[in-house]
Amino acid sequence: MANDLETLKDETLAALKEARTHSEWDAVRVGTLGRSGKLTGLLRQLGSFPHEERKERGQALNRLRDELTGLIEQRGKEIEELALQQRLAEETVDVTQPPATAPVGLIHPVSRTIEEITTIFGAMDFHVAEGPDVESQWHNFSALNTPEHHPARTEQDTFYLPATGESEEMRVLRTQTSGVQIRTMLGEKPPIRIIAPGRTYRADHDATHSPMFHQCEGLVIEKGITLGHLKGCLTEFLRAFFNQPDLPVRFRASYFPFTEPSMEIDIGWSRETGVIGGGADWLEVLGAGMVHARVLSNCGLDPAEWQGFAFGMGIERLAMLKNGITDLRSFYESDLRWLRHYGFSSLSPATLTEGF
């Protein structure tokens, strides 16, 4: 074998011996056998040799190519085996160690409270109804017997939006989910039994009020509905929600333009300790009343034939009372520590308390 071929072989073997990674090995392979490799270059120069030397040199080059190809492939397999052994050594798992636990998401207290409310009223054959957050003034106020001069219709209390389309009347971000009641009475035939949980908006912000909050309203329209049905329904709801079968419940006369008679509902409470159901004090938790005859007429229902009751409650307020939360603003501050403390596991769905 010519000296230049011996030199090429020695250089290739030395480079293969020093190669430790796949990239280093591949550089040797390409530098020797590639299109621009050293051996390929020698093969291309074969035509420049005299005819009598060309055959012998060509045979020597072919033998060298076969030998180097085998050596390079063998070294490549050795490097792959070394890399595999290194990975196995580095990726060894100690099966005696406890597994790493990933953070688990929790259900927000507002979402859980909505689930609980829906579950309790669902057992009373109510179904959930929905409506738009942006309402007309007619659905939000006028159809509910709220006069133009009512304080709730001022810009100090209500968020107004520009009119759209052919209407010149400004729209509102709904101040209550009562608009869903109106839409239901207009779109469905009685009997009706719905609850309407959802976001509502009012221009107020402090420790117990928020510009955006959640409310749940309910509506029952049937024949022969009386105040007794209202009292029985809400008493059972409050006792089931707070898990107190003997929870004191009081109905106190009040005023709402869309119900007559109207009332506010109080529960037994201790002002000193904050304990629900204990003490001699009362705490207001929701409002209710018999649906006003004008509201029924505005929705095309005959008050002489159909009667009903409606109620409304603040979802955050119920969540605060049940879970001992003192500041409404905490619900929306996205504090992970607070959420981990007051959140609920997704594996513990809301269910009716035993006995209700």
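One-based numbering along the sequence shown.
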Quiz prompt | Side-chain donor or acceptor of N140 paired with backbone N/O of T175 under 3.5 Å | solution = yes
Quiz item: Do side-chain atoms of R171 reach the backbone of P162 as a donor and acceptor pair under 3.5 angstrom?
Solution: yes
Practice problem: Indicate yes or no for a side-chain donor-acceptor contact from N298 to the backbone of A143 under 3.5 Å, with no hydrogens or angles considered. | Solution: yes
Quiz prompt | Minimum heavy-atom distance between Q181 and G218, given as atom pair plus value | solution = NE2-O, 3.5 Å
Practice problem: Kindly indicate whether the side chain of L247, heavy atoms from C-beta on, has any atom under 4.5 Å from the side chain of I276. | Solution: yes
Practice problem: Can you see which heavy atom on S136 is nearest to which on V172, and at what distance? | Solution: O-CG2, 4.3 Å
Self-check item: Nearest-0.5 Å distance, CG of residue L71 to NZ of residue K9
Solution: 7.0 Å
Quiz prompt | Heavy-atom pair of closest approach, residues A196 and T177 | solution = O-OG1, 3.0 Å
Quiz item: Which residues satisfy the salt bridge (Lys or Arg N to Asp or Glu O under 4.0 Å) test with E81, sequence neighbours excluded?
Solution: none
Quiz prompt | Side chains of L13 and K17 in contact at under 4.5 Å (non-hydrogen atoms) | solution = no
Practice problem: Verify side-chain contact (heavy atoms from CB on, under 4.5 Å) between E135 and R183, making sure each step is shown before the conclusion. | Solution: CA-CA 11 Å; E135 275 286 17; R183 292 178 179 274; 2.8 Å; yes
Quiz prompt | V285 and D266, any side-chain heavy atoms less than 4.5 Å apart | solution = no
Exercise. Compute the centroid of each ring, for F121 and then for F311, and state whether the two points are separated by less than 6.0 Å.
Key: yes
Exercise. Decide yes or no on ring pair (Phe, Tyr, Trp, His ring centres under 6.0 Å) for F126 and F237, but give the supporting numbers first.
Key: CA-CA 12 Å; F126 284 74; F237 162 73; 9.7 Å; no
Quiz item: In terms of hydrophobic clustering (I, L, V, M, F, W, Y; side-chain heavy atoms under 4.5 Å; direct or indirect links), are V180 and I192 co-clustered?
Solution: no
Self-check item: Pairs touching residues 186-197 that satisfy side chain to side chain donor-acceptor pair (under 3.5 Å), sequence neighbours left out
Solution: R193-E222
Exercise. Search all heavy atoms of L286 against all heavy atoms of G312 and return the closest pair with its distance.
Key: CB-O, 3.2 Å
Quiz item: Is there a path of hydrophobic side-chain contacts, each under 4.5 Å between heavy atoms of I, L, V, M, F, W or Y residues, that connects I315 with I265?
Solution: yes
Quiz item: Taking atom NZ of K322 as the centre, does the number of heavy atoms from other residues, nucleotides or ligands within less than 6.0 Å exceed 12?
Solution: yes
Practice problem: With the side chain counted from C-beta on, respond yes when R199 and F213 share a heavy-atom pair under 4.5 Å apart, and no when they do not. | Solution: no
Quiz item: Passes side-chain contact (heavy atoms from CB on, under 4.5 Å), N62 versus R65? Steps please.
Solution: CA-CA 5 Å; N62 286 332; R65 180 181 59 187; 3.1 Å; yes
Quiz item: Any chain of hydrophobic side-chain contacts (each under 4.5 Å) joining L339 to M320?
Solution: yes
Exercise. Report the C-alpha separation of Q307 and V291 in whole Å, then their side-chain angles, then the decisive distance to 0.1 Å, and conclude whether the side-chain contact (heavy atoms from CB on, under 4.5 Å) test is met.
Key: CA-CA 7 Å; Q307 299 80 43; V291 179; over 6 Å; no
Practice problem: Would you confirm whether W25, through its side chain, and I72, through its main-chain N or O, come within 3.5 Å as a donor-acceptor pair? | Solution: yes
Self-check item: Pairing residues for S262 by the side chain to side chain contact (heavy atoms under 4.5 Å, CB included) criterion, not counting sequence neighbours
Solution: F256, T259
Quiz item: For E316 and H214, does a side-chain donor sit closer than 3.5 Å to a side-chain acceptor?
Solution: yes
Could you pull out every donor-acceptor pair under 3.5 Å between side chains of residues 267-275 and any protein atom, sequence neighbours left out?
{"unit_1": "S270", "atom_1": "OG", "unit_2": "T273", "atom_2": "N", "d": "3.2"}
{"unit_1": "S270", "atom_1": "OG", "unit_2": "T273", "atom_2": "OG1", "d": "3.0"}
{"unit_1": "T273", "atom_1": "OG1", "unit_2": "V275", "atom_2": "N", "d": "3.4"}

Quiz item: When clusters are formed by joining ILVMFWY residues with side-chain heavy atoms under 4.5 Å apart, either directly or through shared neighbours, do L8 and V30 land in the same one?
Solution: no
Quiz item: Going by heavy atoms in the side chains, are L227 and F309 under 4.5 Å from each other?
Solution: no
Quiz item: Are F242 and Y342 connected in a single hydrophobic cluster, I mean Ile/Leu/Val/Met/Phe/Trp/Tyr linked by side-chain heavy atoms less than 4.5 Å apart?
Solution: yes
Exercise. Could you tell me whether the side chain of T32 and the main chain of R29 form a donor-acceptor pair under 3.5 Å?
Key: no
Distance-only donor-acceptor hits, side chain of residues 103-110, under 3.5 Å, sequence neighbours excluded:
{"unit_1": "H108", "atom_1": "ND1", "unit_2": "V110", "atom_2": "N", "d": "3.1"}
{"unit_1": "H108", "atom_1": "NE2", "unit_2": "F331", "atom_2": "O", "d": "3.0"}

Practice problem: Assess whether salt bridge (charged side-chain N to carboxylate O under 4.0 Å, His left out) is satisfied between R112 and E115, documenting all intermediate values. | Solution: CA-CA 5 Å; R112 172 45 58 92; E115 290 179 357; 3.0 Å; yes
Self-check item: Nearest non-hydrogen partners of Q137 and M170, listed with the distance
Solution: NE2-O, 2.9 Å
Quiz item: Do the non-hydrogen side-chain atoms of I194 and E217 ever get within less than 4.5 Å of each other?
Solution: no
Quiz item: In Å, rounded to the nearest 0.5 Å, how long is the span from CG of L321 to CZ of R317?
Solution: 5.5 Å
Practice problem: Nearest 0.5 Å please: distance from the CD1 atom of I221 over to the CD atom of E305. | Solution: 11.5 Å
Quiz item: Does the side-chain contact (heavy atoms from CB on, under 4.5 Å) test come out yes or no for M290 and I225, once each step is laid out?
Solution: CA-CA 9 Å; M290 303 301 292; I225 292 295; 4.0 Å; yes
Quiz item: Should R250 and E264 be marked as a salt bridge (charged side-chain N to carboxylate O under 4.0 Å, His left out) after you check the CA-CA gap, both sets of side-chain angles, and the distance that decides it?
Solution: CA-CA 8 Å; R250 180 177 71 174; E264 292 181 347; over 6 Å; no
Self-check item: Nearest heavy atoms of C299 and L186, plus distance in Å
Solution: CA-CD2, 3.7 Å
Practice problem: Run the numbers on E80 and K77 for salt bridge (charged side-chain N to carboxylate O under 4.0 Å, His left out), then give the verdict. | Solution: CA-CA 5 Å; E80 288 181 358; K77 293 178 180 178; over 6 Å; no
Quiz item: Between CH2 of W306 and CG of L301, what distance do you get to the nearest 0.5 Å?
Solution: 8.0 Å
Exercise. Report the distance from atom NZ of K38 to atom CG of L33, rounding to the nearest 0.5 Å.
Key: 12.0 Å
Quiz item: Is it true that the side chains of T200 and Q176 contain a donor and an acceptor less than 3.5 Å apart?
Solution: no
Practice problem: State whether the side chain of R202 and the backbone N or O of P211 hold a donor-acceptor pair below 3.5 Å, judged by distance alone. | Solution: no
Quiz item: Once you round to the nearest 0.5 Å, how far does CD of E116 lie from CG of N243?
Solution: 10.0 Å
Quiz prompt | V28 side chain reached by E24 side chain, heavy atoms, under 4.5 Å | solution = no
Quiz prompt | Heavy-atom check, side chain of R174 versus side chain of V134, under 4.5 Å | solution = no
Practice problem: Hey, could you give me each pair passing salt bridge (charged side-chain N to carboxylate O under 4.0 Å, His left out) that has a residue in residues 117-131? Not counting sequence neighbours. | Solution: none
Exercise. Using modelled atom types only, decide if a donor and an acceptor are shared between the side chain of N323 and the backbone of A319 within a distance under 3.5 Å.
Key: yes
